[in-house]
Amino acid sequence: MPVARTRSVALLGLAGSIVEVEADLSAQLPAFIIIGLPDAALGEARDRVRAAAVNAGCPLPQRRLTVNLSPAALPKHGSGFDLAIAVACLAAAGEISSESVERVVHLGELGLDGRLRPIDGILPAVLAAVRAGYDTVMVPAANADEARLVPGVAVLGVASLLDAAVHHGGVFDSRVFEPVPAPDRADPDDRLGEPVGDLADVAGNDSAVEALLAAAAGGHHVFLLGPPGAGKTMLASRLPGILPDLDAEEALEVASLRSLAGRPPRSGLSRRPPFEAPHHTATAAAMVGGGSRLIRPGAAARASHGVLFLDEAPEFPSAVLDVLRQPLESGTVAIHRANAVASFPARFQLVLAANPCPCGNHGSKAIDCTCPPAARRRYLARISGPLLDRLDVQLWVPRITAAGLRVAAEQPGVSTAVARERVIEARARAARRLRGTPWRTNAQMPGPWLRGAGGLHPGGRATADLDRALELGGVTMRGYDRILKVSWTLADLEGASAPGLEHVGRALFLRKGLQP
Ligand SMILES: Nc1ncnc2c1ncn2[C@@H]1O[C@H](COP(=O)(O)OP(=O)(O)O)[C@@H](O)[C@H]1O
Ligand SMILES: [Mg+2]
């Protein structure tokens, strides 16, 4: 069998495409040629594959081997094609079964010692294989558990090229290879699915807790402004806990993004929404993603279906804040490369927290603010108008007073579990109302639709205060629409059939409450 073929997967962003790997053996002088637009890493594959085959105990024939990766126009990055190239060559040489090799999608990098090394992005690659109609994948042993998270696929985890060759019917001297373990990249900031604390820990601060519930129920972005120590960070970190579980597809997408980021799920698929809190020293690339070989998702993409929290938001360079405008607009981030555009989903809930001024004391009754007024204005102006405008809920969070603490001690706050139930019910109500539209949450409804074709303007008396605020210039038209959306969310949280005067009033407060 002089020509043999198998398949692998090329990833561009989260999207995987099947790559056909064809090997041809001819009776000319020994050579090993790989064609099909390989990048530098693929060029190196030639040397890696040859050495690995020798050291695994199943050497390639000393004749002319030509390997073609197609479609040629598809950008192919990384070293995950090694295994497919090696088995295609062994099949072309007649050492292993061509039929067996052809049916399996092969993913994995070879080490010079003949062992298979785990690669990042196994989950999206296996998903792509399954969606293209393949039902069996062969992956490095350390990636096997991750690959098995994809439903409906048979996973062959192998430690070495020899194991792969033996699986495909090769007969070689038997040797035992210790599998290469997954790299230990435990990330102390990796808080996916782990509860950080209960909502009931928040004493008092009822408005802020209400704002958090509304944000979770309606999918609204939030801006929390207040002095240091008011509990802004504490509040934001409790938002993922009150969001509903992800559905199976969302959970797979979240896990796929983490797999590409080199932080694959360790213990099964988590249904909990992710929480990403990049530090204010993060670069624009850290926010959207990048990298030269495998393009890795940044914080905005990793926060998909969860929460992106920017603490001390004015400390972020404005260029970094501005890259968030594209994902907020479209729900995706695009990363441009010379010959391709990688795109990642980036549909997250944004929470910004900020002190009111550099010293943090502006608005405090007890301590005087030492910032010059101009410095204070400049500080918050770093959060640009277009970004601020997307934050439906904007709230001043005061420091809790001793008296407030005493009151709070007698009335325990709402727990995360109870809040989540309320959020789930409110979301279900909104989803029922929005059935037949492209939107699922109140935050997604376009304002003109809401007031127009949607017929969701509560009308009459309910919006009297809001209408007056619009007339007096206290809110803009955009702000008006956002307040209407939050009113619907507050009504959903209470099980009301439509927002009343009280809901609109609370929504107005949750939007315009930026003053101490
Ligand atoms: N309302 C509150 N209830 C309980 N603890 C609070 C409250 N506000 C602040 N704290 C405590 O103060 C600490 C600092 O709060 P933090 O969230 O970091 O404030 P901020 O981010 O506004 O500066 C928290 O760890 C928490 O223990
Ligand atoms: Mg803080």
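Note that the coordinates shown come from a computational prediction; the quantities given were computed from them, not determined experimentally. Order of listing sets the numbers, starting from 1, for every ligand and every atom in it.
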Checklist entry - Can you check side-chain contact (heavy atoms from CB on, under 4.5 Å) on V288 and F344, steps first, answer last? => result CA-CA 9 Å; V288 294; F344 291 114; over 6 Å; no
Item to check | side-chain contact (heavy atoms from CB on, under 4.5 Å) between D389 and R482, worked out | outcome: CA-CA 9 Å; D389 195 61; R482 295 189 179 271; 4.2 Å; yes
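Taking every heavy atom of P227 and a limit of under 4.0 angstrom, the matching atoms of ligand 1 come to 22 (O). With ligand atoms numbered from 1 in the order given, ligand 1 contributes 23 (O) to contacts under 4.0 Å with heavy atoms of P228. If you number the atoms of ligand 1 from 1 as listed, the ones under 4.0 Å from a heavy atom of K232 come out as 17 (O), 19 (O), 20 (P), 21 (O), 22 (O), 23 (O). Close contacts of ligand 1 with N205, meaning ligand atoms under 4.0 Å from a residue heavy atom, involve 1 (N).
Counting heavy atoms under 4.0 Å from ligand 1, residue A353 does not touch it at all. By the criterion of a heavy-atom distance under 4.0 Å, the backbone of D201, and not its side chain, is placed next to ligand 1.
Looking only at protein heavy atoms, the nearest one to atom 21 (O) of ligand 1 is T233 OG1, 2.6 Å. Regarding atom 8 (N) of ligand 1, its nearest protein heavy-atom neighbour is A230 O, 3.4 Å. At the shortest separation from atom 7 (C) of ligand 1 among protein heavy atoms lies M234 SD, 4.0 Å.
Atom 23 (O) of ligand 1 is flagged as protein-proximal [any protein heavy atom, distance under 4.0 Å].
Using bins of under 30°, 30° to 60° and over 60° for the plane-to-plane angle, the ring pair F348/H221 lands in the tilted bin.
S318 and D322 share no donor-acceptor pair across their side chains, judged by distance under 3.5 Å alone. Side chain to side chain, S259 and E146 meet the donor-acceptor criterion of an N or O pair below 3.5 Å.
The shell of residues lying under 4.0 angstrom from ligand 1, judged by heavy atoms, excludes G226. Residue contacts with ligand 1 include G229, since one of its heavy atoms falls under 4.0 Å from the ligand. Within the 4.0 Å heavy-atom cutoff, S237 does not count among the residues contacting ligand 1.
Between D481 and R478, none of the side-chain N atoms (NZ, or NE/NH1/NH2) sits under 4.0 Å from a carboxylate O, so this pair counts as no salt bridge.
Contact record, A217 with T489: CB-CG2, 3.7 Å, taken as the closest heavy-atom pair.
The N/O atoms of D311, backbone and side chain alike, include none that comes under 3.5 Å of an N/O atom in ligand 1.
In this structure the side chain of D368 never reaches within 4.5 angstrom of the side chain of N361, judged on heavy atoms.
Counting only distance, with no hydrogens or angles, the side chain of R427 and the backbone of A216 share a donor-acceptor pair below 3.5 Å.
Of all the listed residues (G404, G231, A354, A203), G231 holds the heavy atom that lies closest to atom 15 (O) of ligand 1.
Evaluated for a side-chain hydrogen bond (donor to acceptor under 3.5 Å, both in side chains) with H305, the options R347, Q349, E249, E253 yield exactly one hit, E253.
For M234, every N, O or S atom stays at 2.8 Å or more from the Mg ion (ligand 2).
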